[in-house]
Amino acid sequence: MEEARDFIRQIIDEDIKRGHYGGHVHTRFPPEPNAYLHIGHAKSVLLNYGIAREYGGKFNLRFDDTNPQKESPEFVEAIKEDVRWLGADWEDRELYASDYFEQLYSWAEDLISKGKAYVCDLSPEEISEYRGKPIRDGERIVTPPGVNSPYRDRSAEENLELFHRMRGGEFADGTKTLRAKIDMAHPNLNMRDPVMYRIVHATHHRTGDAWCIYPTYDWAHGQSDAIEGITHSICTLEFENHRPLYDWFLEQLGVHHPRQIEFSRLNLTHMVMSKRLLLRLIREGYVARWDDPRLPTLTAMRRRGYTPEAIADFTRRVGVSKSESVVEYALLEHCVRQDLNLRTPRRMAVLDPLRVVLANYPEGEVEELDAVNNPEDPTAGTRKVPFSRELYIEREDFLEEPPKKFFRLAPGREVRLRYAYFITCHEVVKDDSGRVVELRCTYDPATRGGDAPDGRKVKATLHWVSAAHAVGADVRLYDHLFAAENPTDVEEGQDWTANVNPESLTVLSDCALEPSLAEVEPGQRFQFERKGYFCVDPGSRPGSPVFNRTATLRDTWKKIQSRSQAPS
RNA sequence: UGGGAGAUCGGCUAACGGUAGGCCAGCAGCCUCUGGAGCUGCCUGUGGGGGUUCGAAUCCUCCUCUCCCAGCCA
């Protein structure tokens with residue numbers, strides 16, 4: 001069965017049919033190394049890499065490092081790790097716009113010589129004014145044509161000399177720019193003599209102090225694509241306005257001209273996705289770091305337990321289009337559950353322990369019971385789980401006064417302990433404050449393994465851990481970083497950070513795990529039965545494991561509860 | 001205002017002049033030693049008005065709404 005092709009692939013199909021670019025396809029992912037990658041970038045990486053692979057083409061990783069004040073090797077390394085993790089292979093093409101600085105400079109000289117660029121002494125504020133600001137004209141707002149810079153008509157010789165002196169370091173930051181000479185009355189503001197070079201005395205993470213003038217993104221990006229022989233320059237919607245400018249540069253230079261195709265960026269409910277906003281969350285301490293598992297950064301999602309396969313499945317399902325959209329977080333969760341369901345071993349872990357004593361079970365006796373590692377994967381085999389007189393069950397699996405539809409343990413009620421026995425609760429022990437501290441139960445020896453020979457049924461099966469064998473652990477539960485679907489939608493005078501969910505992180509430190517979980521390695525994933533998917537944190541240590549919850553299991557009881565509690 | 005772009009079930013996305021389909025979510029049921037997973041069924045949609053056509057989500061036209069640009073950020 002053939003899958004529907006997105007509009008980008010349709011365009012490429014057409015290009016190939018018409019023999020454009022010699023039938024070749026060459027894509028690239030062009031991040032600026034000034035932040036960590038997030039899942040929106042993953043969509044772009046996978047799109048570009050996927051297209052290259054499908055068409056038998058090539059895929060470049062190119063760092064658009066034209067702003068030394070914001071970029072650093074730390075980000076370069078982090079980005080490489082994330083792209084690699086996603087499975088995108090750039091082979092030996094780890095490239096940098098900064099590698100093209102000399103070529104870009106020489107092309108700029110060409111444009112100057114042809115009278116298509118000039119050195120301008122206007123200040124940033126003046127440039128903005130000359131460009132033509134929107135003016136209120138009574139009811140209406142009018143965008144007037146721009147005004148030519150007084151420096152626009154310098155001779156090519158003078159421009160060349162000034163440009164050389166700019167490179168030579170003779171001028172202070174911000175005092176001069178090189179601008180393309182296009183059209184100050186152009187309806188597209190990007191065409192009103194855009195800046196190509198600015199003076200910045202800053203050390204670049206790769207070129208060091210070799211330069212004190214740096215190309216703007218607009219001047220560097222298209223030409224970098226051209227140099228690399230990119231055929232399809234896929235980018236996000238906000239660059240649609242710039243395409244005429246990129247076309248103009250390429251045409252003036254007479255070089256290879258990629259086809260630029262814009263698609264809408266990924267947005268998620270309950271999440272912010274811009275670098276600027278993510279940076280604020282970190283700087284202001286709403287989250288710990290770039291890899292805080294509540295963030296949509298790839299490093300955070302990896303730490304949380306997401307798999308690259310789940311992310312790839314997700315990006316495939318959301319599709320590619322030009323309409324701006326917000327994808328429900330639930331789809332992401334669905335993808336990771338579906339992946340993890342098939343691949344993760346099951347374990348029993350009691351996150352909020354309640355002691356259970358089996359009055360009729362021999363003291364001191366321990367049985368090793370067989371437990372299935374993964375019902376979805378017969379090859380995963382079984383393991384032994386110790387059972388004894390004193391156990392822990394989940395506190396929320398018992399209610400003294402069970403409401404309708406609550407099938408779990410309650411006074412007088414019989415339930416099954418998974419892979420073990422049927423037990424019946426006879427007595428509830430409370431402390432002085434009335435808190436339930438222990439349950440006195442009996443077990444039915446005939447139900448060993450979990451089946452009753454007389455065929456009687458129970459409505460619930462609980463997970464449990466033998467108290468004497470339990471391994472203590474920290475478990476971190478995560479909820480939406482923002483309770484609101486759209487975090488930046490705030491009332492007048494409110495800052496969006498007010499929407500940060502104060503309960504997005506819950507740290508549990510008294511969890512009781514089955515003993516097979518004593519020795520785990522960071523990054524290992526498990527399904528804790530009935531609770532969710534969990535991943536061993538990088539900070540986990542032998543003997544005191546730390547788990548991050550990747551996602552909960554779908555929980556019908558929770559749903560029933562919230563339905564009955566929901567405000568009408 | 002000018003320029004650029006977009007509007008299809010609750011969400012995302014197909015359909016390229018010929019039965020508006022899929023996935024997620026939701027709902028109902030079946031099944032179950034995870035209230036998991038799985039299975040079955042249901043649900044709802046072409047922004048509005050005109051026009052062309054045997055036939056329009058698709059073509060034309062007018063309108064409405066939303067987003068992007070006016071950095072020496074990318």
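Chain letters run A, B, ... following the sequence lines, proteins first and then strands; every chain starts at 1.
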Stems with RNA chain B, 3 or more Watson-Crick or G-U pairs in a row (under 3.5 Å), are B:2-7 with B:64-69, B:10-13 with B:21-24, B:26-30 with B:38-42, B:47-51 with B:59-63

Set of residues satisfying salt bridge (Lys or Arg N to Asp or Glu O under 4.0 Å) with respect to [X], sequence neighbours excluded:
X: A:Asp479; answer: none
X: A:Asp489; answer: none
X: A:Asp121; answer: A:Arg154, A:Lys176
X: A:Glu170; answer: A:Arg165

Taking protein heavy atoms under 4.0 Å as touching, what does nucleotides 66-74 of chain B look like 5' to 3' if B marks base contact, S marks sugar-phosphate-only contact and - marks none? -BBBBSBSB

Under 4.0 angstrom, heavy atoms only, what part of the nucleic acid is [X] near: base, sugar-phosphate, or nothing?
X: A:Val372; answer: nothing
X: A:Arg416; answer: base
X: A:Arg192; answer: nothing
X: A:Arg418; answer: base
X: A:Arg337; answer: nothing

A:Arg525 to A:Tyr533 six-membered ring, cation-pi geometry met (6.0 Å, 45°): no

Quiz item: cation-pi between A:Arg206 and A:Tyr96, 6.0 Å / 45°: yes

Heavy atoms from C-beta onward define the side chain here; which of [options] lies closest to that of [X]?
X: A:Trp557; options: B:rG35, B:rU34, B:rC16; result: B:rG35
X: A:Arg408; options: B:rC16, B:rG35, B:rA14; result: B:rG35
X: A:Lys559; options: B:rU34, B:rC27, B:rA25; result: B:rC27

Does A:Asp555 come within less than 4.0 Å of A:Lys559, counting only side-chain N to carboxylate O? no

What I want to find out is whether A:Arg317 reaches A:Asp313 closely enough, with some N-O distance under 4.0 Å, to be called a salt bridge. yes

What about [X], does its side chain sit under 3.5 Å from the base of [N] through a donor-acceptor pair?
X: A:Gln527; N: B:rG36; value: no
X: A:Arg317; N: B:rU13; value: no
X: A:Arg243; N: B:rG4; value: no

Decide yes or no for A:Leu278 and A:Tyr36: does some side-chain heavy atom of the first lie under 4.5 Å from some side-chain heavy atom of the second? no

Grab the CG-C1' distance between A:Leu342 and B:rG38 for me, whole Å please. 11 Å

